[in-house]
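One structure is given below, encoded as structure tokens.
When a residue number appears, it is its place in the shown sequence, counting from 1.
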Amino acid sequence: MAAQGGVLFQEKVSRLLSRHDGKPVLKPNRPLVLRDAVANRKPKKGEATCITEMSVMMACWKQNNFVDGLCSSEMNAFYTCVNNAQAAMKNRSEQSGLQGGRLHPKQATALLRRYPNLRTEI
């Protein structure tokens with residue numbers, strides 16, 4: 001089924017590139033070939049964590065004129081939340097690397113350079 005879809009796609013592309021009434025229907029401004037590199041984009045950041053603990057800590061600071069000693073329990077709660085969030089993020093990144101998931105752009109570029117695409121158009 002996938003091979004048939006590929007053949008249909010190639011037929012459609014060749015039909016769009018063929019001359020119709022002396023004019024090309026589709027005129028690509030670049031060659032229709034895949035590149036051997038991937039755009040180097042940073043992965044999206046996750047949502048913010050420990051917002052409630054941080055707001056409770058800041059409210060305590062404001063009530064106590066920014067004296068750290070009076071807000072030690074709120075500070076400890078915030079720091080434990082941050083440590084738990086960092087540990088969870090580290091575990092998540094290790095699991096995604098083991099399961100395959102999405103490759104980092106540098107890894108994808110290295111693989112594409114090792115196994116380059118054909119440089120001919122369809």
Side-chain angles (χ1 to χ4, degrees):
M1 185 73 185
Q4 184 182 10
V7 170
L8 292 174
F9 177 73
Q10 287 180 345
E11 288 175 1
K12 185 175 182 178
V13 168
S14 64
R15 190 173 59 246
L16 288 174
L17 289 174
S18 68
R19 294 193 174 270
H20 183 300
D21 297 330
K23 298 178 184 176
V25 178
L26 176 66
K27 194 172 191 179
N29 56 358
R30 293 183 184 170
L32 298 176
V33 188
L34 294 176
R35 295 176 128 189
D36 290 334
V38 176
N40 194 11
R41 295 190 178 137
K42 294 181 181 178
K44 293 182 179 178
K45 298 282 185 181
E47 63 183 51
T49 56
C50 306
I51 297 295
T52 55
E53 287 83 358
M54 184 171 57
S55 61
V56 168
M57 180 179 70
M58 291 180 146
C60 179
W61 278 345
K62 189 174 182 181
Q63 287 176 352
N64 296 315
N65 293 326
F66 300 98
V67 178
D68 287 341
L70 300 175
C71 300
S72 61
S73 62
E74 287 83 359
M75 290 175 64
N76 287 335
F78 175 68
Y79 287 135
T80 55
C81 180
V82 168
N83 289 334
N84 292 339
Q86 287 177 346
M89 188 184 317
K90 185 176 179 182
N91 288 337
R92 195 176 320 128
S93 66
E94 288 175 358
Q95 288 176 354
S96 68
L98 295 175
Q99 294 176 355
R102 294 180 63 104
L103 288 175
H104 193 271
K106 288 184 181 179
Q107 293 172 334
T109 300
L111 284 174
L112 286 171
R113 286 191 179 152
R114 187 180 300 164
Y115 305 105
N117 293 312
L118 298 175
R119 288 287 178 186
T120 59
E121 292 189 22
I122 297 173

Indicate the atoms forming the closest heavy-atom contact of [X] with [Y], along with that distance.
X: Thr80; Y: Ala77; value: OG1-O, 2.8 Å
X: Leu112; Y: Asp36; value: CB-O, 3.6 Å
X: Val67; Y: Trp61; value: O-CD1, 4.3 Å
X: Val56; Y: Glu74; value: CG1-CG, 3.6 Å
X: Cys50; Y: Ala85; value: SG-CB, 4.5 Å

Is the backbone N or O of Lys106 less than 3.5 Å from a side-chain atom of Thr109, with the two atoms forming a donor-acceptor pair by type? no
From [atom1] ([X]) to [atom2] ([Y]), nearest 0.5 Å:
X: Phe66; Y: Cys60; atom1: CZ; atom2: SG; result: 10.5 Å
X: Met54; Y: Tyr79; atom1: CE; atom2: OH; result: 11.5 Å
X: Met75; Y: Leu70; atom1: CE; atom2: CG; result: 11.0 Å
X: Asn76; Y: Met57; atom1: CG; atom2: CE; result: 10.5 Å

